[in-house]
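Below: one structure, written as structure tokens.
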Amino acid sequence: MENCLKILQKTSLLLSKYTSLFIIGVGIVTYWRPGLFDWISGNMSMWLLGIIMLSMGLSLSAEDFKILLARPLDILIGACAQYTVMPLLAYALVHLLHLNPGIACGLILVGCCPGGVTSNLMSYLCKGDVALSVGMTTASTILAPVLTPFLVLKLSGHGIEVDAWGMFRDILIVTIIPVSLGVC
């Protein structure tokens, strides 16, 4: 197990050094040969996101989270912004552009969903506060089973069903367990 973690850590360091080139390269290959990535479907995408979060965890230390725990207001502000700014922007766009109901509901749904792995990756690439990004992603994702359906209903008038247990399981697999393993 320790050997696997060392290999993952070395791979993570290599990928983190050349992340931008790697992402651009994969994008170019995907554009010209999309069939090469047909194997990424269903649960596989969830596991790949978990690997990305593991690599984010490897870039953090327990000290980063101690500092973060001393700044709970930052997490609260981030979560509040996630569930106010984005949904209200989506709502404003729907009304400004006079979108049809189906597209309007979809745009509002996207606006009401929490940030994800990509925001953490961008924080890392920009040498931002990765611990804060991961903390905000975790907090907003934990709130998602309640706030996303509520906001979609209030802003679009259409309800959505959420599998709360399935979403919680996915949060564990994609975010909490991989980051925890990486930090250890």
Side-chain angles (χ1 to χ4, degrees), residues 23 40-60 64-97 99 101-126 128-184:
I23 290 171
I40 302 174
S41 63
N43 286 337
M44 180 57 73
S45 60
M46 184 172 65
W47 288 104
L48 289 173
L49 291 172
I51 290 169
I52 292 169
M53 291 305 291
L54 174 65
S55 67
M56 292 291 105
L58 288 170
S59 74
L60 300 170
D64 291 323
F65 286 98
K66 286 179 187 172
I67 292 167
L68 190 60
L69 287 173
R71 301 168 33 202
L73 185 60
D74 295 347
I75 299 284
L76 178 64
I77 290 168
C80 287
Q82 176 68 50
Y83 287 110
T84 56
V85 174
M86 295 298 291
L88 292 175
L89 278 174
Y91 182 80
L93 282 172
V94 162
H95 291 285
L96 182 70
L97 300 174
L99 298 176
I103 293 174
C105 187
L107 183 61
I108 288 172
L109 174 60
V110 170
C112 294
C113 288
V117 174
T118 305
S119 67
N120 300 325
L121 185 58
M122 292 300 118
S123 292
Y124 178 77
L125 290 175
C126 297
D129 190 341
V130 177
L132 177 63
S133 181
V134 169
M136 284 176 40
T137 297
T138 303
S140 63
T141 302
I142 289 170
L143 294 170
V146 174
L147 288 180
T148 298
F150 173 77
L151 289 169
V152 169
L153 179 62
K154 291 298 176 192
L155 296 174
S156 74
H158 298 284
I160 58 170
E161 287 186 32
V162 173
D163 175 9
W165 171 247
M167 190 177 259
F168 178 72
R169 182 193 67 231
D170 292 348
I171 292 166
L172 283 173
I173 292 170
V174 172
T175 305
I176 296 172
I177 293 173
V179 170
S180 299
L181 286 174
V183 172
C184 291

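From a predicted model like this one, the values you see are computed outputs, not experimental measurements. These numbers come from the heavy atoms of this one structure, side chains and all, not from hydrogens, waters or symmetry mates.
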Practice problem: Sequence neighbours left out, what pairs pass ring pair (Phe, Tyr, Trp, His ring centres under 6.0 Å) with at least one residue falling in residues 135-167? | Solution: Trp165-Phe168
Exercise. Assess whether atom CE of Met44 is packed by more than 12 heavy atoms of other residues, nucleotides or ligands within 6.0 Å.
Key: no
Self-check item: Leu76 vs Leu73, side-chain contact (heavy atoms from CB on, under 4.5 Å): CA-CA, chis, key distance, verdict
Solution: CA-CA 5 Å; Leu76 178 64; Leu73 185 60; 4.2 Å; yes
Quiz item: Which heavy atom in Tyr83 sits nearest to a heavy atom in Pro114, and how many Å separate them?
Solution: OH-CB, 3.5 Å
Exercise. Please name all residues satisfying side-chain contact (heavy atoms from CB on, under 4.5 Å) with Asp74, sequence neighbours left out, ordered by chain then number.
Key: Arg71, Leu132
Self-check item: Nearest non-hydrogen partners of Leu107 and Ala90, listed with the distance
Solution: O-CB, 3.6 Å
Quiz item: Looking at CG of Leu54 and CG of Leu48, how far apart are the two atoms once the value is rounded to the nearest 0.5 Å?
Solution: 12.0 Å
Quiz item: Would you say Thr148 and Leu109 make side-chain contact, with heavy atoms under 4.5 Å?
Solution: yes
Practice problem: Heavy atoms only: give me the nearest Leu155-Ile108 pair and the separation to one decimal. | Solution: O-CD1, 3.6 Å
Self-check item: Other residues, nucleotides, ligands: >12 heavy atoms within 6.0 Å of Tyr91 OH
Solution: no
Exercise. Give a yes or no answer on whether the side chain of Ser45 reaches the backbone of Gly42 with a donor-acceptor pair at less than 3.5 Å.
Key: yes
Self-check item: Separation between CG of Leu99 and CG of Leu93, rounded to the nearest 0.5 Å
Solution: 7.5 Å
Quiz item: Shortest non-hydrogen contact from Pro145 to Ile142?
Solution: CD-O, 3.2 Å
Self-check item: Where Pro178 and Gly50 come nearest, the two heavy atoms and their spacing
Solution: CB-O, 3.1 Å
Exercise. Keeping the roles fixed (side chain from Ser140, backbone from Ala79), state whether a donor-acceptor pair exists under 3.5 Å.
Key: no
